Number of protein chains: 2
Amino acid sequence: MASVGIKDVAARAGVSVATVSRVLNAHASVSPAARERVLAAVDALGYRPNTLARSLRTDQTRTLGLVISDVLNPYFTELARSVEEEARALGYSIIFGNADERPELQDHHIRTLLDRRIDGLLVSPADGGSPLVLDAARAGTPMVFVDRWIPGLDVPVVRADGSSAVRDLVAHLHGLGHRRLAIIAGPAATTTGSERVTAFRDALAAYGLELPDEYIGQGDFQAASGRRATERFLELPEPPEVVFAADNLMALGALDAIRARGLRIPHDIALAAFDDIPWFVHTDPPITAIAQPTGDLGRAAVRALTDLIEGRTPESVTLPARLVVRGSCGESPTTGTDSTTGTDSTDRTTGTPGTTRRSDA
Amino acid sequence: MASVGIKDVAARAGVSVATVSRVLNAHASVSPAARERVLAAVDALGYRPNTLARSLRTDQTRTLGLVISDVLNPYFTELARSVEEEARALGYSIIFGNADERPELQDHHIRTLLDRRIDGLLVSPADGGSPLVLDAARAGTPMVFVDRWIPGLDVPVVRADGSSAVRDLVAHLHGLGHRRLAIIAGPAATTTGSERVTAFRDALAAYGLELPDEYIGQGDFQAASGRRATERFLELPEPPEVVFAADNLMALGALDAIRARGLRIPHDIALAAFDDIPWFVHTDPPITAIAQPTGDLGRAAVRALTDLIEGRTPESVTLPARLVVRGSCGESPTTGTDSTTGTDSTDRTTGTPGTTRRSDA
DNA sequence: ATCCCTCGTGTAATCGATTCCACGAGGAGG
DNA sequence: CCTCCTCGTGGAATCGATTACACGAGGGAT
């Protein structure tokens, strides 16, 4: 009934609990004889240490919290997977919280994770102003931002820089003759929301193109908002020739709206997206997208966080995103099929250099 | 520095720790005056109880473990989301483990969850024989199987029954003139892997059709296996007219293989899938699929598990899946566009009745 | 032979909560 | 006025580990 505790092991091995604890933690010196008896007893009784008691005493859980923005978004799913993988390799386990792009849900999960006494927190903040996050950061909770961040905090950031890829995209579009380009933006409260618009506008400027307000759709990184924004574009007296969605779910919504109108891609209108996902290969036509090195981001984030926890000084990491040209903007795919279905094994980039130093704001 | 504990609260409120604990847990009788002072102190100090200590003492964590088969599979992602939602509503939080369809990873997570002293476990077993799962079940760990299960255990199962929908699918295919139907099966070690084949074969039999061995592809619920199986089908002297993939990722792989061959759907070959996902609406052509009431499954599973934990006696739940006809098998979608992008709001079923009683094996 | 250091080990304090038990005050009933 | 109950409260044990400290035995140096 009562599960076996360290006392039972000690009794069976004929030693004290201290000795048992010592062999289990590879601590001080224990005689080979005693160690062997303890190990045998552990094995015989099927003893597993109570992590609650252990954590209570040692004040560390070897657990990391990860709050992701939207578990239904394949990008974050892949991020979560790589995070868990790397954490496991480093001897940590991770607890997820899904914010569903809702700040109050995000805060709920952060609170819960903090209550669980996680050793560190990985966040992709759904909004810039959560007092909880600010407090935690100031209170010294080891923390790393991934994908999105909150400016002005001394918290390492691990993210992808899409500006170079966005320039490539605009060059591609311009080369195809497109001049009226629109964007569906993410929430302004997120860095990725505003940043991508800025990058897009800057890239357009290089070609002497404007980004008028009516060509900026306001989305929230969810499919429905992409659909609404696109409908609005299509009702314009002079609709855009290209719609660039700032994430993959909004691209899905855009697709939806375009199809509902009976328009054809890329003949009637072109479509491109930020974030590449396996399904973009299989839509008709395949969708041109900007791919992030998602797996690398997740791994780098975990390493930064464990560095922080274990007393080393991590740096912020910025990895380049890259443009993946498919058919949705007017050019047929170059050669053969871009048919990689699975992982990001082909993630090779031609953009800006890799890691940059941490910016202490 | 040192975080505030119950002692600090007690001191500030001028009461003993026992009293503080009592007001925090709405326990025995506490004078209104004392209660108020305690609450004020809690508020002033920003006190949060240490869940580790609490759990150690009470032997309950109000935490549920969920081990899902593959976090990159949108079906499980949606399942996870609904599970977390329902659990939160019932005052539990949940810890995920991603098995990646690998039994040893599944066991790793189950072990970790058990070590964390979760109150109950939700599993979708990646294989039928994990000794860990068997032991846990026999040891009395509250446990519920979701989606997949292991026969012969007295563990409630929450799942969808696809047999009726599969019959509908076969009727649909037969009506379109298809006679040579192939299936890409999941791993035989999973119930869903073998069950769907059986349902398919039975449905075929009703039309006097066979399911020859060479029309059964062996997959593992991952995209790559779907691709391989499909390639093998296409190399057959007499290739099938229809490929039915037993999950959505393998359907993705099938799509891939078909496109690589330069074949057109549904003209050259038809495609259908088990598990419906938002992207199926947007492929070319949209893919006919069998949709599970994923959200309901997740919620029902959590309720069954909490029933078990809190001493009530849960029943197994079987909900019907339903066929969603799109264009990938030869018929153009009935009216308008099946364009629902987001949730399963249209999940209405025409199949078998709802809940069935638990089968004590 | 004596001293001292090291090694292996056990005893007990501790982490931060919950909860059993005892106790004093005050009201009701006789 | 005395007795008995109830109510509110505090003291201290407890959950299951880790770890500081003490202690005895044995070996090397003097």
Side-chain angles (χ1 to χ4, degrees), chain A residues 1-42 45-63 91 111-112 114-119, chain B residues 1-42 45-63 91 111-112 114-119:
Chain A
M1 188 63 80
S3 67
V4 356
I6 198 173
K7 274 197 275 240
D8 305 298
V9 176
R12 187 178 228 267
V15 298
S16 74
V17 294
T19 300
V20 175
S21 177
R22 280 189 275 255
V23 345
L24 260 39
N25 295 287
H27 246 328
S29 45
V30 180
S31 72
R35 152 169 291 110
E36 192 145 340
R37 289 212 310 284
V38 168
L39 259 19
V42 164
L45 297 173
Y47 167 73
R48 305 237 86 209
N50 184 320
T51 55
L52 295 166
R54 188 209 294 273
S55 295
L56 175 61
R57 187 64 235 267
T58 61
D59 200 42
Q60 56 152 330
T61 53
R62 290 206 74 81
T63 296
R111 173 100 57 200
T112 305
L114 258 22
D115 280 352
R116 268 173 203 289
R117 299 306 204 261
I118 48 159
D119 292 343
Chain B
M1 186 62 80
S3 66
V4 358
I6 197 173
K7 275 197 274 242
D8 306 299
V9 177
R12 188 177 228 267
V15 296
S16 74
V17 295
T19 300
V20 175
S21 178
R22 279 189 276 256
V23 346
L24 261 38
N25 295 288
H27 247 328
S29 44
V30 180
S31 72
R35 151 169 292 110
E36 192 144 340
R37 288 210 312 284
V38 168
L39 259 19
V42 164
L45 298 172
Y47 167 73
R48 305 237 84 207
N50 185 321
T51 55
L52 294 167
R54 188 209 293 274
S55 294
L56 175 60
R57 187 64 236 267
T58 60
D59 201 40
Q60 54 151 335
T61 52
R62 291 206 74 81
T63 296
R111 174 99 59 199
T112 304
L114 257 23
D115 280 352
R116 267 172 204 289
R117 301 304 204 265
I118 49 159
D119 292 343

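Computed from a prediction, not measured in an experiment: that's the story for all the values here. Just so you know, these numbers use all the heavy atoms, side chains as well, and skip hydrogens, waters and symmetry mates. Each chain gets a letter, A, B and so on, in the order the sequences are listed, and its residues count up from 1.
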A.B. asks: State which residue, out of Arg54(B), Arg48(B), Arg62(B), fulfils the salt bridge (charged side-chain N to carboxylate O under 4.0 Å, His left out) condition with Asp115(A).
C.D. replies: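 When salt bridge (charged side-chain N to carboxylate O under 4.0 Å, His left out) is applied between Asp115(A) and each of Arg54(B), Arg48(B), Arg62(B), only Arg48(B) qualifies.
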A.B. asks: Specify the separation, in whole Å, of atom CZ of Arg35(B) and atom C1' of dT9(D).
C.D. replies: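 Between C1' of dT9(D) and CZ of Arg35(B): 13 Å.
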A.B. asks: Spell out protein contact along nucleotides 12-19 of chain D as letters: B when the base is contacted, S when just the sugar-phosphate is, - when no protein heavy atom is under 4.0 Å; keep the 5' to 3' order.
C.D. replies: -BBBBBBB
A.B. asks: What pair of heavy atoms forms the shortest contact from Gln60(B) to Asp119(B), and how long is it?
C.D. replies: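 Taking every non-hydrogen atom into account, CA-OD1, 3.5 Å.
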A.B. asks: Where is the tightest heavy-atom contact between Arg22(A) and Val30(A), given as atom of each residue plus distance?
C.D. replies: CB-CG2, 3.8 Å
A.B. asks: Check this one for me: any side-chain N or O of Ser29(B) less than 4.0 Å away from OP1 or OP2 of dG8(D)?
C.D. replies: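 Yes.
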A.B. asks: How far does CD1 of Ile6(B) sit from CG of Leu45(B), to the nearest 0.5 angstrom?
C.D. replies: 12.0 Å
A.B. asks: Roughly how far, to the nearest 0.5 Å, is CZ of Arg117(B) from OG of Ser3(A)?
C.D. replies: 5.0 Å
